[in-house]
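Because the structure is predicted, anything quoted here is derived from the model rather than measured. Chain naming here is simple, since letters A, B, ... match the order of the sequence lines and numbering starts at 1 in each.
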Amino acid sequence: MTDNNTLRTDETPRDFIREKIAADLNAGLNDRIVTRFPPEPNGYLHIGHAKSICLNFSVAEELGGACNLRFDDTNPAREDESFIRAIQDDLRWLGFNWGARLFYASDNFDQLYEWARTLIGNNLAYVDDLSAEEIRERRGTLTEPGQPSPYRDRTPEESLDLFARMRGGEFDDGAKVLRAKIDMASGNINLRDPVLYRIMRASHPRTGDTWCIYPTYDFAHGQSDAIEHITHSLCTLEFEDHRPLYDWLIENLPVPARPRQYEFSRLNLGYTVLSKRRLIQLVEDDHVTGWDDPRMPTLAGLRRRGVPPEAIRDFINRLGITKSDGLVEMSYFENTIREHLNQTAPRRMGVIDPIKLVIENYPEGKTEELDATNNPTDAHAGMRKIPFSRELWVERDDYMDDAPKKFRRLTIGREVRLRFAYYVICTNVIKDPDGNVTELRCTYDPESRGGDTPDGRKVRGTIHWVSAANAKTAEIRLYDHLFTTEEPGKERDWIEDLNPNSLNVCETCYVEPTLVDAQGVVQFERLGYFFPDADSAPNALVFNRTVSLRDSKSKD
RNA sequence: UGGGGCGUAGCCAAGUGGUAAGGCAUCGGGUUUUGAUCCCGUGAUCGCAGGUUCGAACCCUGCCGCCCCAGCCA
């Protein structure tokens, strides 16, 4: 790809971010690129994060630079060690590596504290005794300027003393904060004396009880970037109007580097939610089984569902990087998943909603082995043997009474092909007292073994099947969108848009015997792609439907 | 009504003054032992209105619409 010492600035950049970085490089502003991915360990990574991850890591790799993983762990009240581990697992699974470049904002707590003192000493920050509510009341509104705190003109000496005592634990949580002294009348509310430090007695996953004051994200982020010598701090649009604050801090502090921040729009996907707050609520209120519930848009959920990491990266790359917000169709993502799985997933047969099919003229007790291709799109995938016998399981909706002309499957008198096997004609159906079909009776043409006949006659449909005597029972979990609307919360409370039918567990399904030790994603022919769930065991198979196959029959 | 952004076909998105890439979807058609795959074809004058220019999606002006910001969250 790229040799480490060559900056690839000659190629046409793929997006405006890469374009700007190339310009910075060509202008001699940097001689090496360092980016970073800075998650807060208060939840799992989701596909929206994948956009930032792919951008930050890929840009660095393309330019022979480096990308740091930094946990922005400035709020111990919400952060947890388990998330730190999970985030790293997900990142590795996605295919990115940070080597030894693992950092924490908390690594910088001592430095940050000293820099806070620097600001105070230079009369650029002060300790404020106002309560959170009083600060809010004086912040002003979008159209009215804020009012200065009565403590704003406290001397640096007094603030320094108070700040040290805040650290020393003399004051209650929330009793005092450290604020930057910028401009209470600024149109940019982030510049109206933002809080830099707050008192919070919470045990920190990394620093334990060493501190009872913690820097806010706004104070920690830019300085952490500078300490790590990040050259390009790539983040999402909502931080665009924090940039003036970050720049102000960088200009007023003796930092070792000047990172440049560029912003891009975050990913929005239809029929799901990608906000940390909402995902946390789904997990905590048990609307899903956990962060790795296959319906979740988390990387852990997608992994459990069977989505290959390559498909996620490909999807992200196809979207591009811009500053315009949009809503990407879920079907676009699904299509990308299919594209990858179509190339790689071995084909198998399985019946989700089984109905017995008996071939009346096939010898009882006979079993034969038939040849089946493992993947018609991959010549190297080879063949396998599948057992065939008199009694089979077929899909319930592959039979229909009084079927219309376009129906290409089983109905009395119409000949269809059993995939890789024989031509059969349905001669009779058996129904229960309620009129439900319980069994299909057919006859087969022995000449059609393998799926072709010597006379070359055509058949309009091909259906999948599993030999009843040899089938393995499996539970198959079918997933639908987590929400019933493309934009949850647009018309009402987003929780009300949850799809009550997002999970459909089919407990008695039959799959071909080769599936007892299935490891990766397989395609059940005509149905979709399926992945063994974490709950699956050889004697109790469980498959998750990763995604269905495209289906044009519903459109005629 | 303050500040910061965005607005090119249903969706994503190229385009940076010279006469609208590409992908996905849609709709036709072909191939096919998965109604899958694959192959071919199919759509926009660029939010609106003015202006500058021989010429504008790209420059200027004025509107309109959408998103973000009033956490001691990130």
Side-chain angles (χ1 to χ4, degrees), chain A residues 14-15 38-40 42 72 74-75 77-79 128 130-133 135-137 139-146 173-179 185-192 194-200 213-214 216-218 220-221 235-244 263 265 268 270 276-277 315 318-336 338-339 342-343 347 349 372-373 375-377 406-409 417-421 423 448 450-452 458-464 523-528 548-556:
Chain A
R14 285 180 13 221
D15 52 66
E40 181 193 12
N42 70 335
D72 269 333
T74 57
N75 187 353
R78 332 189 337 165
E79 296 152 8
D128 194 343
L130 256 26
S131 68
E133 191 181 342
I135 288 178
R136 191 184 328 121
E137 284 165 358
R139 186 149 25 227
T141 67
L142 295 179
T143 54
E144 298 161 328
D173 286 16
K176 294 184 184 342
V177 291
L178 180 71
R179 290 230 258 170
S186 175
N188 182 346
I189 293 175
N190 295 302
L191 264 22
R192 318 241 265 229
V195 171
L196 267 23
Y197 263 92
R198 69 286 217 197
I199 303 172
M200 192 189 320
I213 58 172
Y214 291 96
T216 56
Y217 170 86
D218 275 344
H221 188 80
C235 66
T236 43
L237 253 27
E238 67 269 28
F239 294 106
E240 200 155 17
D241 45 19
H242 288 238
R243 195 174 62 218
E263 308 86 5
S265 59
N268 295 303
K276 205 74 118 19
R277 198 201 105 234
F315 170 62
R318 291 184 194 201
L319 297 178
I321 301 291
T322 67
K323 295 188 75 156
S324 54
D325 346 86
L327 179 68
V328 178
E329 295 170 342
M330 180 59 98
S331 60
Y332 191 42
F333 181 42
E334 293 170 342
N335 185 71
T336 308
R338 287 189 189 101
E339 227 171 274
N342 179 48
Q343 299 302 318
R347 265 101 249 231
M349 290 201 285
T373 57
N375 188 341
T377 66
K406 285 188 168 181
F407 189 77
R408 304 200 208 161
R409 293 161 276 159
R417 172 166 42 229
L418 294 174
R419 171 131 246 228
F420 303 127
Y423 286 7
S448 62
D452 284 304
K458 298 294 184 195
V459 99
R460 293 196 57 216
T462 300
I463 66 170
H464 59 279
Q523 181 196 99
F524 285 154
E525 299 219 18
R526 303 209 306 133
L527 296 177
S548 66
L549 247 33
R550 273 184 59 183
D551 180 10
S552 55
K553 68 170 177 274
S554 53
K555 288 157 201 155
D556 37 65

Anything under 3.5 Å between a protein N or O and an N or O of nucleotides 37-41 of chain B, put it in a table, one pair a line.
residue: U37(B); atom: OP1; partner: R550(A); partner atom: NH1; Å: 3.4
residue: U37(B); atom: O2'; partner: N342(A); partner atom: ND2; Å: 3.0

Listed pairs, N/O of protein and of nucleotides 7-11 of chain B, under 3.5 Å:
residue: G10(B); atom: N2; partner: E329(A); partner atom: OE1; Å: 3.4
residue: C11(B); atom: O4'; partner: E329(A); partner atom: OE2; Å: 2.9
residue: C11(B); atom: O3'; partner: L327(A); partner atom: O; Å: 3.2
residue: C11(B); atom: O2'; partner: L327(A); partner atom: O; Å: 3.4

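Taking 3.5 Å as the limit, the base of G35(B) and the side chain of R409(A) contain a donor-acceptor pair of atoms between them.
For D72(A), the side chain to side chain donor-acceptor pair (under 3.5 Å) criterion is met by R70(A), H221(A), not counting sequence neighbours. Applying the salt bridge (charged side-chain N to carboxylate O under 4.0 Å, His left out) rule to E238(A) yields the partners R266(A); only residues at least two apart in sequence or on another chain are considered. By the side-chain contact (heavy atoms from CB on, under 4.5 Å) test, N190(A) pairs with N188(A), D241(A), H242(A), sequence neighbours left out. Residues forming a salt bridge (charged side-chain N to carboxylate O under 4.0 Å, His left out) with R136(A) (at least two apart in sequence, or on another chain): none. Among residues two or more places apart in sequence or in another chain, the side-chain contact (heavy atoms from CB on, under 4.5 Å) test is passed with T143(A) by T141(A). The side-chain contact (heavy atoms from CB on, under 4.5 Å) check on L237(A) picks up E240(A), E263(A), S265(A), K323(A), D325(A), with sequence neighbours excluded. Listed by chain and residue number, nothing satisfies the side chain to side chain donor-acceptor pair (under 3.5 Å) test with E334(A) (two or more places apart in sequence, or in another chain). The salt bridge (charged side-chain N to carboxylate O under 4.0 Å, His left out) check on D15(A) picks up R18(A), with sequence neighbours excluded. For I135(A), the side-chain contact (heavy atoms from CB on, under 4.5 Å) test picks out D128(A), L130(A), R139(A), V177(A), R179(A), with sequence neighbours left out.
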ask   = What is the per-nucleotide protein-contact pattern of nucleotides 66-74 of chain B, from the 5' end, where B denotes a base atom under 4.0 Å from a protein heavy atom, S denotes such proximity for sugar-phosphate atoms only, and - denotes neither?
value = -SBBBSBBB
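Checking the phosphate oxygens (OP1, OP2) of A36(B), a side-chain nitrogen or oxygen of S552(A) falls inside 4.0 Å.
Panel note: side chain R417(A), backbone G451(A); a donor-acceptor pair is recorded below 3.5 Å.
Atom CG in D452(A) sits roughly 11 Å away from atom P in U34(B) (whole-Å rounding).
Between the C1' atoms of A44(B) and A13(B), the separation comes to 14 Å (whole Å).
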